[in-house]
Amino acid sequence: MKWTKFFIPTSKETPADAVVPSHRLMIRAGMIRQLAAGSYSYLPLGYRILRKIEQIVREEIDRAGGIELHMPALQPLELWQETKRDEAMGPTLVRLTDKPFRRNTVLGPTHEEAITEIVRAYIKSYKQLPVTLYQIQTKFRDEERPKSGVLRTREFLMKDAYSFNTDKASLDETYERMYQAYCRIYDRCGLPFVAVEADSGAIGGDASHEFMVVTDAGEDYLVRAEDGSYAANVERAEVLALEDEGCSEMAELAEVHTPRLSTIEDVSNFLKCRPQDMIKTLIYRLVTRSGGKKSKPVDGFVVALVRGNHEVNDSKLSKVVKAIVEKKGEEVVSLEMAEAEPIQKLTQADVGFAGPIGLAEKDGVLMIADRDIVTMHNAVTGANKTDYHVTGVNIGRDFQLGEVADIRFAVEGDKAPNGSPLVFEKCIEVGHVFKLGTKYSDAMKAHFLDENGKSKPIIMGCYGIGVNRILAAVIEASHDDNGICWPVNIAPFTVEIVALDHREEQVMTMAEKLHDELEAKGIDVLLDDRDARPGFKFKDADLIGIPIRITVGKRGLDEGIVEFKQRTDDEVQKISPDSIVEIVEKIVSESAG
RNA sequence: CGGGGCGUGGCGCAGUCUGGUUAGCGCGCUUGACUGGGGGUCAAGAGGUCGCUGGUUCGAAUCCAGUCGCCCCGACCA
């Protein structure tokens with residue numbers, strides 16, 4: 001490809017709106033252009049990269065046993081009502097309601113429903129399982145706040161795979177294969193990643209991993225043990241319980257007047273105590289049911305206790321509550337933060353003055369203390385009386401602990417389960433693998449007959465990769481002051497030939513000869529044949545980040561050489577034009593690994 | 001959805017507070033000349049309903065009201 005015949009609108013100036021490096025560089029390198037918030041056109045250079053990443057993804061998912069198909073973005077709303085995800089997705093689900101014929105149509109944000117609809121129609125027997133189907137397709141999500149260029153957009157390219165298995169062991173096997181495929185994909189894309197335990201949250205399921213790229217441009221956080229033994233999304237990170245600091249003497253329980261001071265910060269400032277010496281008491285409304293779907297739901301409360309400097313992790317809490325409730329042979333219908341009114345009724349005080357003393361004994365109250373409550377002494381907490389707190393609170397003497405569990409988020413200073421200090425890092429999620437279980441097959445009645453002729457729901461897994469995010473994440477991970485440094489495997493072109501003076505016939509002849517030779521070998525080569533000064537071409541070459549640069553100039557040709565430089569190297573090598581093809585082919589095959 | 005900022009040629013900005021000839025500057029673009037190893041020089045050009053609507057005024061990029069859009073922080077995020 002010759003530069004003058006292609007379309008690479010590079011720019012010296014950085015657009016004011018672009019903040020993160022990948023966004024700035026993609027615009028400056030002429031890879032993308034914004035059409036609206038969260039909507040980007042991929043210009044030819046950007047699109048070449050996207051296609052290369054897509055192809056790597058395709059090859060690896062195929063290798064892991066995936067079968068490619070293609071589903072529509074336009075979907076009937078009814079499909080989403082079957083799984084109640086029309087509600088769950090909320091405003092993120094793009095609904096087309098302008099014209100009568102579009103009523104009840106949505107643009108797919110993901111395809112669990114669509115794929116399950118296919119599978120339930122055709123898969124009837126255990127003999128047809130397991131099967132993994134996937135597509136690489138455009139997704140639509142009306143993100144409330146698109147940001148950081150291509151990192152968070154309303155329309156994006158996603159590889160979404162769905163596995164269907166007869167049992168858990170079979171799902172585990174597929175999951176592991178996909179997990180390995182993901183690792184290979186990021187490796188081939190030259191993207192340094194961390195696989196972390198992810199929160200499987202309300203959906204249930206027993207395993208979920210996210211693939212993260214550590215960068216300041218990210219919007220998620222992961223925690224990692226310093227010794228490398230542990231990595232997880234902050235949403236789910238487990239921590240070592242704090243050590244007991246001990247205390248010299250047990251103080252008297254005392255009530256103190258704390259008018260209108262209902263926050264941890266206010267009270268700790270007022271009483272001159274540390275937030276970690278306070279017990280935060282949060283009240284949730286718990287609805288349970290025993291004995292099947294027809295039985296009457298029962299209202300109750302969950303009182304969650306954490307230290308003042310900690311936050312309750314709702315996901316951890318709901319898992320603990322679920323386990324306790326199920327142990328009693330009941331099931332959880334819902335668990336939500338209580339409104340002001342029921343809190344006042346329960347505590348006999350305004351919101352902000354709740355405390356554990358006397359609460360656990362009340363009817364329908366399930367008290368769950370975080371593990372780090374256990375080691376508190378002379379604590380401060382709400383008095384269950386408006387405008388009052390109590391100090392000198394001690395467990396055992398003043399109130400009894402109910403259930404004890406890890407129900408909080410990790411914070412700076414925490415340690416991993418093995419005692420290694422935890423490090424918090426900002427990151428971008430570039431992939432997520434998930435054991436779904438039977439959530440969708442139950443809701444949509446996707447059943448199969450097993451060896452005994454018994455009908456069972458198909459066990460599902462889903463596996464997503466954001467193709468555009470890989471692209472942006474690679475730039476975040478691989479750039480310098482001068483521009484992008486593309487890894488060979490996904491570079492838009494592998495080689496850029498810089499012809500230094502297009503008026504010199506011998507220069508252009510040699511440049512074109514090398515271009516043709518490389519192209520004949522199937523190597524993606526870009527020849528900068530513009531009538532521009534050398535410095536201008538070098539700057540552009542660095543900006544668009546082609547991994548191998550070959551400079552053809554009169555000076556070198558007089559010596560019988562051309563110059564060879566890799567984007568990430570400093571030194572330039574003088575090389576005979578005859579050996580260029582061989583050297584490039586070697587680099588390409590080494591990268592392909 | 002809360003808080004903040006910004007809309008002036010393709011890009012980056014000045015001008016707005018304090019209304020007043022023809023709306024400027026840099027980059028880029030066109031033409032010509034020179035130049036030619038890290039974003040050159042000179043000369044001559046093309047390109048703008050100042051986001052949109054309404055209002056105030058003799059007169060609005062500038063003041064007022066409304067509206068649309070974009071960016072950042074936060075909340076939210078299968």
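This one's a predicted model, so the numbers in the text were calculated from it and none came from an experiment. The sequence lines fix the lettering, A, B, ..., with proteins before strands; numbering per chain opens at 1.
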query = Looking for any heavy atom pair under 4.0 Å, which part of the strands does S148(A) touch: base, sugar-phosphate only, or nothing?
reply = sugar-phosphate

inquiry  = So, under a plain 3.5 Å distance rule, would you say the side chain of D501(A) forms a donor-acceptor pair with the base of G37(B)?
reply    = no

key: hbond_proxy E13(A) side chain to G28(B) base (donor-acceptor, 3.5 Å cutoff)   = no

request  = Check the distance between G10(B)'s P and R28(A)'s CZ and give it to me in whole angstrom.
outcome  = 20 Å

request  = Indicate, with a heavy-atom threshold strictly under 4.0 Å, whether A532(A) touches base, sugar-phosphate, or nothing.
outcome  = base

message = Quick check: do K574(A) and V572(A) have side-chain heavy atoms less than 4.5 Å from each other?
response = no

note = To the nearest angstrom, the CG-C1' distance between D17(A) and G12(B) comes to 11 Å

note = When rounded to whole Å, the CE to C1' distance for the pair M508(A) and G36(B) reads 14 Å

inquiry  = As a test of reading the structure: which of G39(B), G12(B), C73(B) is closest to the side chain of P15(A), going by heavy atoms?
reply    = G12(B)

query = CG of L93(A) versus P of C76(B): gap in Å, rounded?
reply = 21 Å

request  = Would you verify whether the NZ or CZ of R48(A) falls within 45 degrees of the ring axis of F493(A) while also being under 6.0 Å from that six-membered ring's centre?
outcome  = yes

ask   = Distance between the C1' atoms of C27(B) and C71(B), in whole angstroms?
value = 22 Å

query = How far, in whole Å, is A44(B) from G26(B) if one measures between their P atoms?
reply = 13 Å

message = Does C73(B) have its OP1 or OP2 closer than 4.0 Å to a side-chain nitrogen or oxygen of R145(A)?
response = yes

ask   = Expressed as a whole number of Å, how far does the C1' atom of U57(B) sit from that of U41(B)?
value = 49 Å

task = Let me know which of E82(A), R85(A), E112(A), R120(A) forms a side-chain hydrogen bond (donor to acceptor under 3.5 Å, both in side chains) with Y440(A).
result = R85(A)

message = Can you tell me how the ring of Y182(A) sits relative to the ring of Y186(A), calling it parallel under 30°, perpendicular over 60° and tilted otherwise?
response = perpendicular

request  = Report which part of the nucleic acid G556(A) touches: base, sugar-phosphate, or nothing (heavy-atom distance under 4.0 Å, all strands).
outcome  = base

inquiry  = Whole angstroms only, please: what is the CG-C1' distance between D540(A) and C11(B)?
reply    = 15 Å

request  = Please check the phosphate of A78(B) (OP1 and OP2 only) for any side-chain N or O of K139(A) closer than 4.0 Å.
outcome  = no

Rounded distance in Å - CD (Q506(A)) to C1' (G36(B)) = 15 Å

task = Please state the C1' separation for the pair G39(B) and G28(B) - nearest whole angstrom.
result = 12 Å

query = Does the G38(B) base have a donor-acceptor partner in the side chain of N482(A) within less than 3.5 Å?
reply = no

ask   = Rounded to the nearest Å, what distance is computed from the CG atom of residue D531(A) to the P atom of nucleotide C29(B)?
value = 11 Å

ask   = Can you find a side-chain donor-acceptor pair between S39(A) and E155(A) that sits under 3.5 Å?
value = no

